[in-house]
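Remarks on the structure that follows.
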2 protein chains.
Amino acid sequence: MSSKVTIHEVARLSGVSIKTVSRVLNREPNVKTDTRTRVQEAVAALNYRPNISARSLAGSKAYLIGVFFDNPSPAYVTDVQLGAIARCREEGYHLIVEPIDSEGDVAAQIEPMLSTLRMDGVILTPPVCDNPTVLAVLEAEGVPYVRLSPDQDLDRSAHVRMDDVRAAYEMTAHLIALGHTDIGFIKGHPDHGASHLRYEGYAQAMTVHGHAVRESHVEQGYFSFRSGFEAAERLLAGDDRPTAIFASNDDMALGVMAVANRLRLNVPETLSVAGFDDTPGAKVVWPQLTTVRQPIQAMAAAAADLLLGGTKRGEGEAPPSRLLDFELVVRESTGPVR
Amino acid sequence: MSSKVTIHEVARLSGVSIKTVSRVLNREPNVKTDTRTRVQEAVAALNYRPNISARSLAGSKAYLIGVFFDNPSPAYVTDVQLGAIARCREEGYHLIVEPIDSEGDVAAQIEPMLSTLRMDGVILTPPVCDNPTVLAVLEAEGVPYVRLSPDQDLDRSAHVRMDDVRAAYEMTAHLIALGHTDIGFIKGHPDHGASHLRYEGYAQAMTVHGHAVRESHVEQGYFSFRSGFEAAERLLAGDDRPTAIFASNDDMALGVMAVANRLRLNVPETLSVAGFDDTPGAKVVWPQLTTVRQPIQAMAAAAADLLLGGTKRGEGEAPPSRLLDFELVVRESTGPVR
DNA sequence: ATAAGCCATGACAGCCTTGTCAAGGCGAGC
DNA sequence: GCTCGCCTTGACAAGGCTGTCATGGCTTAT
């Protein structure tokens, strides 16, 4: 029996009008404590749940938050969903997931769902969070949105980020603390803003600790396993090889490990390897990878929080944003220099 | 301007009643072709989209399909979402994702969302698809559901599966065709139905081709990297080692590769390794893993199709189900015996 | 030609909740 | 003791769409 208890029955049982029940449900002020309690009891007794369709038709809210993604990493996407849901459930909101095909006509994809569903807000993950068309459509439709780790136009909207520079700095410092002075670096895809930030953190740490950033030990990569593999082949070719390599993401670090394996260089005895992102692959390799963990779930939860009005935004103020802490995950792929 | 064009305006522009517009929108019969065209033009001209809340309040459908999951594999979850969405979009349905915490009070989690949202159907992934409480609540609420790769009670509901036995059979046959006769096998988690099916396929193939299933070359694993690693250590310990190992999932196969690496056994020259599932990790290892690909997206699409009434179900008939084809993905980790 | 029946369309109620506005009750200030 | 104003509550309409039923025109069977 798909119990379709309506607000009327609750009203009748508790002896008040449906409007008062509505008030209690929406935590509106100006309801006597006594009345409130009585209504709540009736709600519990009847196991009543408001009908979300009727609610959003009558009111302004849809109780739906969208998550748009076009992200190649399933682990990332899932974490975002988990984080966002955690916060949404507290307020009775639900998550609508919408994969976006950035190659296709983006506007044609999102415009219909926006006008059909009337979502209360949207969370944008990279790289859609930097897609100008998406942002434009969202703004035109008047749908609030929060971007996760955006690259560009930071002031354009609310967003949540992690401090990539500092994370890369600390990872480099970790290697330096282990005695490494000659640390190779593999850059990420040049179109991705994080690439520059991570390189900057690396360079800063080297400079601050008095070690030179050797051009020949900095390679361009593209965030893929293959690009990391190839970069590592170049870095480890001659005799003048670095004692540690910091790849700006895990996939590339895995490429480095593969090369080390082929060259019979023991990790971490002969070569320390560090990654960035803490992807699932980082634990599925031997030795397990030292890396940086982004608090993805927490970031998504923060994004949902921003949307649900955790922070009220005044007129004219800059859009709110949050900067979250990363976590250095030291595992077995980095060790003292020998 | 979040254009809130209503059905009235479409009706006015096309010179018919709102009911007729509604009929066109819902592809109902008994509308003159001429009228239908005129309405469609008006819809296009005004860029009208029906309001889903109003729609579901008035009618019976909510235009929402839920996906419940409690699956440790993000890649799997994402694929399911992608596959389901593909089919849902065709019909104007949207996807609500709901992670379930199987450890907690499952009924308390899903009961509210079911009665609040009134979803039209739910897709259940393993392992929630075998959670009796979940099934019971869904049935009590009268919400149709389709299970993906269920283990138990196949006739209880509609479901979509892949032929694990045949897949394991063919993978084994592939190894045999390469000249292997002594093929080790690592079983999956005993609580997971697929484990038995995959083992059965392996055993069948061995027997049919006249090779003995050697007890000492069959190890128990638990679908984790670590369990694969340990099983491989045992299998590869003595001199009497198999020339190939078929692990019943990729994570364990990766564990096998790690051991082979440590023991300096070249893959595939000295040892062939095969996995199952085609997880992302399968391509991020060197050499890349030969494995079995489940058509997860297609399976999810089929599930959505079942829900959306792709197959009408008569009274008293058995719940509909679909059996999809797998794909043998031969990469570099398997080779001829030497 | 006439009755029966189907097709195409429209009028209207209803889905369940929230927003608006009005009304009654009661304490505070003069 | 009376007015003012706030607190609490309720009546009613509105929100956009679909279901039901009625209507009139036209085709088919007799």
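Just so it is clear: chains get the letters A, B, ... in the order the sequence lines come, proteins before strands, and each one is counted from 1.
- For the side chain to side chain contact (heavy atoms under 4.5 Å, CB included) with A:Phe68, the lone residue among A:Val106, A:Ile110, A:Thr125, A:Asn131 that qualifies is A:Ile110.
- Remark: A:Thr20 is in phosphate contact with D:dG10, judged by side-chain N or O atoms under 4.0 Å from OP1 or OP2.
- The side chain of B:Leu57 approaches D:dG16 more closely than any other nucleotide in the set D:dG16, D:dT18, D:dG10.
- In this structure, B:Ile52 places its CD1 atom 15 Å from P of D:dG16, rounding to the nearest Å.
- Of all nucleotides listed (D:dG10, D:dT8, D:dG15), D:dT8 comes nearest to the side chain of A:Asn30.
- B:Lys19 comes within contact range of at least one nucleobase, with a heavy-atom separation under 4.0 Å.
- Rounding to whole angstrom units, CZ of residue A:Arg38 and C1' of D:dT9 are separated by 11 Å.
- Nucleic acid contact for B:Thr35: sugar-phosphate only, since backbone atoms but no base atoms lie under 4.0 Å from a heavy atom of the residue.
- Residue B:Ser53 has no polar side-chain atom (N or O) positioned under 4.0 Å from OP1 or OP2 of D:dC17.
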Watson-Crick and G-U pairing of DNA chain C written in dot-bracket, each distance under 3.5 angstrom, with | for inter-strand partners: ||||||||||||||||||||||||||||||
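- Heavy atoms of A:His8 sit under 4.0 angstrom from at least one base atom.
- Bracketed by its first and final contacts, the part of DNA chain C lying under 4.0 Å from non-hydrogen atoms of chain A reaches from C:dC16 to C:dT20 in 5' to 3' order.
- Taking only distance into account, the side chain of B:Arg49 never meets the base of D:dG16 through a donor-acceptor pair shorter than 3.5 Å.
- Note on A:Tyr63: nothing from the nucleic acid sits closer than 4.0 angstrom, heavy atoms only.
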